[in-house]
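Numbering of residues begins at 1 and proceeds along the displayed sequence. Just so you know, these numbers use all the heavy atoms, side chains as well, and skip hydrogens, waters and symmetry mates.
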Amino acid sequence: MKGNRLFYLLSLAVISAMVLSACAPATQAPLPTLAPNAGATKAAADLAATKAAEAAAPAATAAPPAEPKTLTIGFQQEPTSLYPACSNMTFAVWVGQMTNPGIWTWDGDNQPIMELAEKMPNAADGSISADGLTYTYTLKPGLKWSDGEPLTSADFKFTWETIIDPANTCIISRLGYDSIESIETPDDVTAVVKFKEFYAPWGNLFAMSGNSGSGLVPRHVLEGQALDNNDFLRQPITAGAYYVESWVQGDLITLQANDNYFRGRPKIDTIFIKMVPSREALLAALQTGDVDLGPDFVEASIPDLENTPGVAAIAITSSSFEHYLFNLDQDPAVGFCPFQDVRVRKAMILGIDRFTIADTLLFGKTRVVSNLWPNTPVENTDLAPYPYDPAQAMALLDEAGYTDADGDGIREGACNGETVKLSFTHQTTTPNQLRADVQALAAQNLLDIGIEMIPDNKSPDILFAGYAGDGPLATGKFVLGGYTTSFIPDPDPAGSFDCDQIPTADKPDGANWYRMCFPELDAMMLEQKSLADPVARADIFKQAQQFMYDNALFIPFYARLNVLGVGPRLTGLQGSAFGDVYWNVYDWDVTP
């Protein structure tokens, strides 16, 4: 099934790039010349008298310099790296948005807004070739790194070389970048990117959304060096509104305004990112004024935020979803054998009362979902969430041969010739009270149908560590996991379900942490990447959602709202489902 590539490429041309107008300094008009006359003589005498009086008067006291403007943000999770391509954490992406922009991002209307790029490649002006394989990127002229060195197309090319270099094992995913055949740089502002084959989500590459991204890296700093354990990951030279002055592990990241920022120095001089232990501590810090912005609250926090004097609650509809993922690795030494049976997976979905969880723990502020693309143009809205039906769940488990033969309350059955109990660990992030509460209710629901789920939670830096860092999700050292993510701004899941993206020692950057391999789904994910027609792509995604739904490939819980607590001093925030709130940090300000 092939679409019309030109239709898709032309549709991108409709998106308007920002046009930045330069204002020349105003030229002072010459003073009018008066003809010599008596009036002029008197005026001169009066002027002399005035000057004499001014000279005799005490000198005016100079106004004191303005106090630097500061802002404090509270983070409940500490980034594992300050270069987002080497971290799978949203908190790292947020720092990246403030310090290390991509060539474009997405604004409050979820439309592309140019950052380091002058414009987005498009078919109308020929910057995308007719075959959809060659893209000409044009950078803004006069760009500089935070250390004052020029930022050029050579850095654009070097960024690609850095990401695809296998020596840089910290890179989370090379997908898309490894589809590029070559990059030529005919001048300092032009990069010509040649793809090996048509790659539909090309707009995600070198860009920075609120969920993922990889800003450019400086060749003059990193050339000849590996990224792993490099000081750059802690204190990068960047091109954004702010640069990283310091990072005190476990305590504070300090960002300073970048005098070399292409939009001009931002309004706030210093941004402190303070590490806080919990949402409860973050709410208290907002109340006392010790923190001005608190991201990553949950829907259940909205009433507390609304009832806190001086604090505003902002809730942005997002495409993020909370879900539990099965380890579906077919190797019994890695995966959990019972999860290979769709009846077991479906029974677990039916056996958890996700609706009560949403209504009670999240105060009905969100909805239970059936798929992993909620609130996006490709969502298959024909799929209703599985109901809470413990009776049907137990019938499925019986049918699969899992019964409580020994009467201990936990079912067991034969799997690959061995007797296996339906008892396993579940890993999500800690400290996170909402996830702990959801986990406790889910565990009780599962126990009611004869399945034992044992909490084994990890700190985010451990849970989300990459393969080289022995992260349990990346290495497959988990049975059931849980976290929030989203597939935006392009719906492509970046290899999350591709058979050849299961991480291994030979492919540590594989993005398929579900460790699933289904040829039918694999073919769909491969096909959608080759389609230029967005309507045809959306149809493939809807088919994929139907396949995932029928085969119960994960446990979808609820669509997330992006909830923030904002103190009274901060102004200029604009929410975006694709760009979060950090996309316009250069426009933020604080009042005294």
A.B. asks: What pairs of residues pass the side-chain hydrogen bond (donor to acceptor under 3.5 Å, both in side chains) test when at least one of them lies in residues 448-457, not counting sequence neighbours?
C.D. replies: S423-E452, Q427-D456, Q439-N457, Q444-D448, D456-K458

A.B. asks: I'd like to know if the side chain of N512 and the backbone of D498 have a donor-acceptor N/O pair within less than 3.5 Å.
C.D. replies: yes

A.B. asks: Any chance you could measure C170, atom SG, to L233, atom CG, to the nearest 0.5 Å?
C.D. replies: 5.0 Å

A.B. asks: Take F464 and T80, measure what side chain to side chain contact (heavy atoms under 4.5 Å, CB included) needs, and give me the verdict at the end.
C.D. replies: CA-CA 9 Å; F464 296 121; T80 53; 5.9 Å; no

A.B. asks: Hey, does the side chain of D492 reach the backbone of P201 with a donor-acceptor pair shorter than 3.5 angstrom?
C.D. replies: no

A.B. asks: Do you know which two heavy atoms are closest between L531 and A200, and how far apart they sit?
C.D. replies: O-CB, 3.5 Å

A.B. asks: Could you check if a side-chain atom of Y199 sits within less than 4.5 angstrom of a side-chain atom of L205, using non-hydrogen atoms only?
C.D. replies: yes

A.B. asks: Where is the tightest heavy-atom contact between L282 and G294, given as atom of each residue plus distance?
C.D. replies: CD2-CA, 3.7 Å

A.B. asks: Any side-chain heavy-atom pair from L480 and M348 closer than 4.5 angstrom?
C.D. replies: yes

A.B. asks: Among T356, L350, I357, find the one that has a side-chain contact (heavy atoms from CB on, under 4.5 Å) with D353.
C.D. replies: T356

A.B. asks: Taking only Lys NZ, Arg NE, NH1 and NH2, and the carboxylate oxygens of Asp or Glu, determine whether R515 and D331 approach each other closer than 4.0 Å.
C.D. replies: no

A.B. asks: For E379 and N375, does a side-chain donor sit closer than 3.5 Å to a side-chain acceptor?
C.D. replies: no

A.B. asks: Could you give the distance from CZ (F336) to OG1 (T425), rounded to the nearest 0.5 Å?
C.D. replies: 9.0 Å

A.B. asks: So does W247 get a backbone contact from the side chain of R234, meaning a donor-acceptor N/O pair under 3.5 Å?
C.D. replies: yes

A.B. asks: Going by distance alone, is a donor N or O of one side chain under 3.5 Å from an acceptor N or O of the other, for N168 and R174?
C.D. replies: no

A.B. asks: As a quick check of understanding, evaluate side chain to side chain contact (heavy atoms under 4.5 Å, CB included) for K542 and N371, giving each step before the final call.
C.D. replies: CA-CA 10 Å; K542 289 175 182 178; N371 65 87; over 6 Å; no

A.B. asks: Angle class for the F487/F497 ring planes (parallel below 30°, perpendicular above 60°, tilted otherwise)?
C.D. replies: perpendicular

A.B. asks: Counting heavy atoms not belonging to E520, are there more than 12 under 6.0 Å from its CD?
C.D. replies: yes

A.B. asks: Is a donor on one side and an acceptor on the other found under 3.5 Å between the side chain of D228 and the backbone of T169?
C.D. replies: yes

A.B. asks: Using a 4.5 Å cut-off on heavy atoms from C-beta on, say whether the side chain of L447 contacts that of I410.
C.D. replies: yes

A.B. asks: Got a second to check how far Q249's CD is from L252's CG, nearest 0.5 Å?
C.D. replies: 12.0 Å

A.B. asks: Within a strict 4.5 Å, meaning less than it, do heavy atoms of the L362 and E322 side chains meet?
C.D. replies: no

A.B. asks: Establish, from distance only, whether the side-chain atoms of D290 and T288 form a donor-acceptor pair under 3.5 Å.
C.D. replies: yes

A.B. asks: Which class fits the ring pair F557 and Y324: parallel under 30°, tilted 30 to 60°, perpendicular over 60°?
C.D. replies: tilted

A.B. asks: Any heavy-atom pair between the side chains of M98 and I73 that's under 4.5 Å?
C.D. replies: yes

A.B. asks: Using the ring pair (Phe, Tyr, Trp, His ring centres under 6.0 Å) rule, collect all pairs that involve residues 273-292, keeping only residues at least two apart or in two chains.
C.D. replies: none

A.B. asks: As an exercise, state the distance from CZ of R435 to OG1 of T429, rounded to the nearest 0.5 Å.
C.D. replies: 4.0 Å

A.B. asks: Report yes if some heavy atom in the side chain of F206 is under 4.5 Å from a heavy atom in the side chain of S214; otherwise report no.
C.D. replies: no

A.B. asks: Yes or no on side chain to side chain donor-acceptor pair (under 3.5 Å) for D506 and T504, after CA distance, side-chain angles and deciding distance?
C.D. replies: CA-CA 5 Å; D506 295 330; T504 64; 5.1 Å; no

A.B. asks: For K421 and D408: C-alpha separation, side-chain torsions, deciding distance, then whether salt bridge (Lys or Arg N to Asp or Glu O under 4.0 Å) applies.
C.D. replies: CA-CA 11 Å; K421 272 191 173 292; D408 67 350; 2.7 Å; yes

A.B. asks: Do you know which two heavy atoms are closest between P338 and L422, and how far apart they sit?
C.D. replies: CB-CD2, 3.6 Å

A.B. asks: Answer yes or no: is there a donor N or O on one side and an acceptor on the other, between the side chain of W373 and the main chain of P491, under 3.5 Å?
C.D. replies: yes

A.B. asks: Give the minimum heavy-atom separation between S486 and F321, together with the two atoms involved.
C.D. replies: CA-CE2, 3.9 Å

A.B. asks: To the nearest 0.5 Å, what is the distance between CD on Q528 and CG on D539?
C.D. replies: 12.0 Å

A.B. asks: Using the side chain to side chain donor-acceptor pair (under 3.5 Å) definition, which of the options T90, N562, T105 pairs with D580?
C.D. replies: N562

A.B. asks: Would you check if the side chain of R354 reaches a backbone N or O of Y386 as a donor-acceptor pair within less than 3.5 Å?
C.D. replies: yes

A.B. asks: Between E78 and M89, what is the shortest heavy-atom contact and its length?
C.D. replies: O-CE, 3.3 Å

A.B. asks: Is the backbone of G203 close enough, under 3.5 Å, to the side chain of W104 for a donor and an acceptor to pair up by distance?
C.D. replies: yes

A.B. asks: I need the S576 OG to Y582 OH distance, nearest 0.5 Å.
C.D. replies: 12.5 Å

A.B. asks: Side chain to side chain contact (heavy atoms under 4.5 Å, CB included), that's the test. Do F326 and F424 meet it? Break it down for me.
C.D. replies: CA-CA 11 Å; F326 303 105; F424 50 81; over 6 Å; no

A.B. asks: Angle between ring planes, F75 versus F91, binned at 30° and 60°: parallel, tilted or perpendicular?
C.D. replies: perpendicular

A.B. asks: Is any side-chain heavy atom of M525 less than 4.5 Å from a side-chain heavy atom of P493?
C.D. replies: yes

A.B. asks: With a 3.5 Å distance limit and no angle check, can you tell me whether E299 reaches the backbone of F363 through a side-chain donor-acceptor pair?
C.D. replies: no

A.B. asks: Is there side-chain contact between V298 and L361, with heavy atoms separated by less than 4.5 Å?
C.D. replies: no

A.B. asks: Test your reading of the model: is there a side-chain donor-acceptor pair from N110 to the backbone of A577, 3.5 Å cut-off?
C.D. replies: yes

A.B. asks: Go through the steps to decide whether W588 and V581 satisfy the test side chain to side chain contact (heavy atoms under 4.5 Å, CB included), and finish with yes or no.
C.D. replies: CA-CA 10 Å; W588 293 4; V581 296; 4.2 Å; yes

A.B. asks: Any donor-acceptor pair under 3.5 Å linking the side chain of R345 with the backbone of A552?
C.D. replies: yes

A.B. asks: Quick one: closest heavy-atom pair of L573 and V566, and the distance?
C.D. replies: CD2-CG2, 3.9 Å

A.B. asks: Taking the six-membered ring for Trp, are H323 and Y483 ring centroids under 6.0 Å apart?
C.D. replies: yes

